[in-house]
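Below: one structure, written as structure tokens.
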Amino acid sequence: QITVFLLGISTMALGAYLYAYATRHRAMPRRLREDVGVRLMATGVVIAWACGYADVLGIGSHFGAERPLFGALQAGGVTLGVFIIIFGIFLYAPR
């Protein structure tokens with residue numbers, strides 16, 4: 001279940017990037033704001049995956065349990081990652 005919703009978040013972030021890239025005017029040079037937005041989107045995806053798989057990676061609070069438990073701290077970390085992705089999309093998207 002954790003994998004499926006993290007794949008969904010990643011797919012939505014990739015779709016938002018592709019849409020913003022397709023609607024961007026190619027003749028204009030890339031601006032720093034757009035580069036920062038792309039990097040923030042990628043950073044948000046990494047944060048979401050790291051927090052979602054914290055127990056599997058051994059950095060969570062339920063390490064060694066029979067099955068990974070998705071707790072409140074992990075949910076907060078994934079939420080933070082999603083907000084970073086959204087902020088990156090707003091920076092990258094054309095005005």
- Message: Looking at Arg39, I want to see if its CZ is surrounded by more than 12 non-hydrogen atoms of other residues, nucleotides or ligands under 6.0 Å.
- Response: no

- Which atom of Arg30 lies closest to which atom of Asp35, heavy atoms considered: NH2-OD1, 3.0 Å

- Task: Find out if a path of hydrophobic residues (ILVMFWY) with successive side-chain heavy-atom gaps under 4.5 Å connects Leu18 to Val38.
- Result: yes

- Leu73 reachable from Val56 in the ILVMFWY side-chain graph, under 4.5 Å edges: no

- Task: Check the hydrophobic clustering (I, L, V, M, F, W, Y; side-chain heavy atoms under 4.5 Å; chains of links allowed) and say if Val46 and Leu7 are grouped together.
- Result: no

- Message: Quick check for you: to the nearest 0.5 Å, what is the distance between Ile47 atom CD1 and Leu40 atom CG?
- Response: 9.0 Å

- Taking atom CE of Met41 and atom CD1 of Ile85, what is their separation to the nearest 0.5 Å? 9.0 Å

- Item | Considering all heavy atoms, the nearest Ser10-Val45 contact | OG-CG1, 3.7 Å

- Message: Rounded to the nearest 0.5 Å, what separates atom CD1 in Ile84 from atom CD1 in Ile89?
- Response: 12.5 Å

- Note on the structure: In short, Ala20 meets Ala93 closest at the heavy-atom pair CB-CA, 4.2 Å

- Query: Say you draw a straight line from CZ of Arg24 to CD of Glu34; how long is it, rounded to the nearest 0.5 Å?
  - Reply: 4.5 Å

- Approximate separation, where rounding is to 0.5 Å, of Asp55 CG and Tyr53 OH: 11.5 Å

- Message: Hydrophobic cluster membership, with links at side-chain heavy-atom distances under 4.5 Å among I/L/V/M/F/W/Y: are Ile2 and Ile59 in one?
- Response: yes

- Query: Under 4.5 Å between side-chain heavy atoms, hopping through other hydrophobics if needed: is there a path connecting Leu14 to Val36?
  - Reply: no

- ring-ring contact (aromatic ring centres under 6.0 Å, His included) partner of Tyr92, chosen from Tyr19, Phe87, Tyr17, Tyr21: Tyr17

- Task: Might you point out which heavy atoms bring Val78 and Phe5 nearest each other, and give the distance in Å?
- Result: CG1-CE1, 3.9 Å

- What distance do Cys51 atom SG and Leu57 atom CG have between them, rounded to the nearest 0.5 Å? 10.0 Å

